[in-house]
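What you are looking at is a predicted structure, and each value in this text was computed from that prediction instead of being measured. Computation of the quantities below employed the complete heavy-atom set of this structure, encompassing side-chain atoms and omitting hydrogens, waters and symmetry-equivalent molecules.
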Amino acid sequence: MNLETIVQALQLRVKSGRDRLGGEVRGGYVGDLLSDVMANSREGDLWITRQIHQNIVAVASLKDLAGIILVLGAEPAADTLEKAIRENIPLFMADLPAFEMAGRIYQMICPRKA
Amino acid sequence: MGAVSACEKWLYENSFPVDGGNFDDAGRVSGRIKTILKEMGIENDVVRMAAVITYESEINIVSYARHGMIRLHVLPEYVEIEVVDEGPGISDIRLAMQQGWSTATDKIREMGFGAGMGLNNIRNFSDIFHISSDVGSGTRLKMIIHIQQEQNR
């Protein structure tokens, strides 16, 4: 599914990577432990997290993730946003908690399973 | 690409320094290594494995050591990654390799590191993994990723 479709449906606030919204979302991953995300996320995943430190950009970049959603209104640290803009990593803000965000995205990209 | 080779079989060889304590810079070396491997046309699975190995190695150096070096050797058959650091070393490697065991400080944990998964990730994403350490001196890791991969990795 197209990243922009998810962004619009869930009213995600786009902080960076706007020109990559045409990219495909293949799945998702939820986690705040960076080693867990490094080990278990997959290319094209949309990553849902509360971490705002700039290393989330490095993880998303190294793992070729579709983007990062910061939940519960968490704001990216200033250097995180700078790095996300510099590396053109899609970074979003949302007010929903992680459980609800994951459920909604799952329903959108896996409708027959949900 | 700047490949400097002392060995005829090496397709690429380079060393990348990593400073201890600099969390803001973590991911720079692994990002560069990923770019180098992709530009060499190395298969995606190998590039992803190398990315995990080098990122976790960077985080370990930044978290625990004073200084470290990540060496990348690319040969036709495999990618070899060596990580050597100057730091406190590991007194009980078997314990350090246990999932969830960590000596990370609160500061490290607040950033989402220090879950005791790093060395396991490095081992799990390597085809061959070797670790040795001298307390008070430092730790050495050597990892091999075979380039001819099974389909079902």
Path from [X] to [Y] over hydrophobic side-chain contacts below 4.5 Å:
| X | Y | result |
| --- | --- | --- |
| B:Phe129 | B:Ile53 | yes |
| B:Leu11 | B:Ile42 | yes |
| B:Met117 | B:Met49 | no |
| B:Met69 | B:Ile33 | no |

Open item on the list: Quick check for you: among A:Gly31, A:Ala39, A:Ala58, which has the greatest number of heavy-atom pairs under 4.5 Å with chain B?
Closed with: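 Highest number of pairs under 4.5 Å: A:Ala39.
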If you look only at distance, which donor and acceptor atoms sit under 3.5 Å apart when one is on a side chain in residues 90-97 of chain A and the other is two or more places apart or in another chain?
{"unit_1": "A:Asp95", "atom_1": "OD1", "unit_2": "A:Arg13", "atom_2": "NH2", "d": "3.2"}
{"unit_1": "A:Asp95", "atom_1": "OD2", "unit_2": "A:Arg13", "atom_2": "NH1", "d": "3.4"}

TODO: May I ask you to name which of B:Gly112, B:Gly31, B:Gly118, B:Ala26 has the most heavy-atom pairs under 4.5 Å with chain A?
DONE: B:Gly112
Open item on the list: For A:Arg104, give me all partners under salt bridge (Lys or Arg N to Asp or Glu O under 4.0 Å), at least two apart in sequence or on another chain.
Closed with: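 Here the qualifying residues are A:Glu100.
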Cross-chain donor-acceptor list, chain A x chain B, under 3.5 angstrom:
{"unit_1": "A:Leu34", "atom_1": "N", "unit_2": "B:Gly112", "atom_2": "O", "d": "2.9"}
{"unit_1": "A:Ser35", "atom_1": "O", "unit_2": "B:Asn121", "atom_2": "ND2", "d": "2.8"}
{"unit_1": "A:Ser35", "atom_1": "OG", "unit_2": "B:Glu56", "atom_2": "OE1", "d": "3.1"}
{"unit_1": "A:Ser35", "atom_1": "OG", "unit_2": "B:Glu56", "atom_2": "OE2", "d": "2.8"}
{"unit_1": "A:Glu43", "atom_1": "OE1", "unit_2": "B:Arg48", "atom_2": "NH2", "d": "2.2"}
{"unit_1": "A:Gln54", "atom_1": "NE2", "unit_2": "B:Asp24", "atom_2": "OD1", "d": "3.4"}
{"unit_1": "A:Asn55", "atom_1": "OD1", "unit_2": "B:Tyr55", "atom_2": "OH", "d": "3.1"}
{"unit_1": "A:Asn55", "atom_1": "ND2", "unit_2": "B:Phe23", "atom_2": "O", "d": "3.1"}
{"unit_1": "A:Ser61", "atom_1": "O", "unit_2": "B:Lys34", "atom_2": "NZ", "d": "2.8"}
{"unit_1": "A:Leu62", "atom_1": "O", "unit_2": "B:Lys34", "atom_2": "NZ", "d": "3.2"}
{"unit_1": "A:Asp64", "atom_1": "OD1", "unit_2": "B:Lys34", "atom_2": "NZ", "d": "2.7"}
{"unit_1": "A:Asp64", "atom_1": "OD2", "unit_2": "B:Lys34", "atom_2": "NZ", "d": "3.4"}

Open item on the list: Please give the remaining members of the hydrophobic cluster of A:Leu72, linking ILVMFWY side chains under 4.5 Å, ordered by chain and number.
Closed with: none
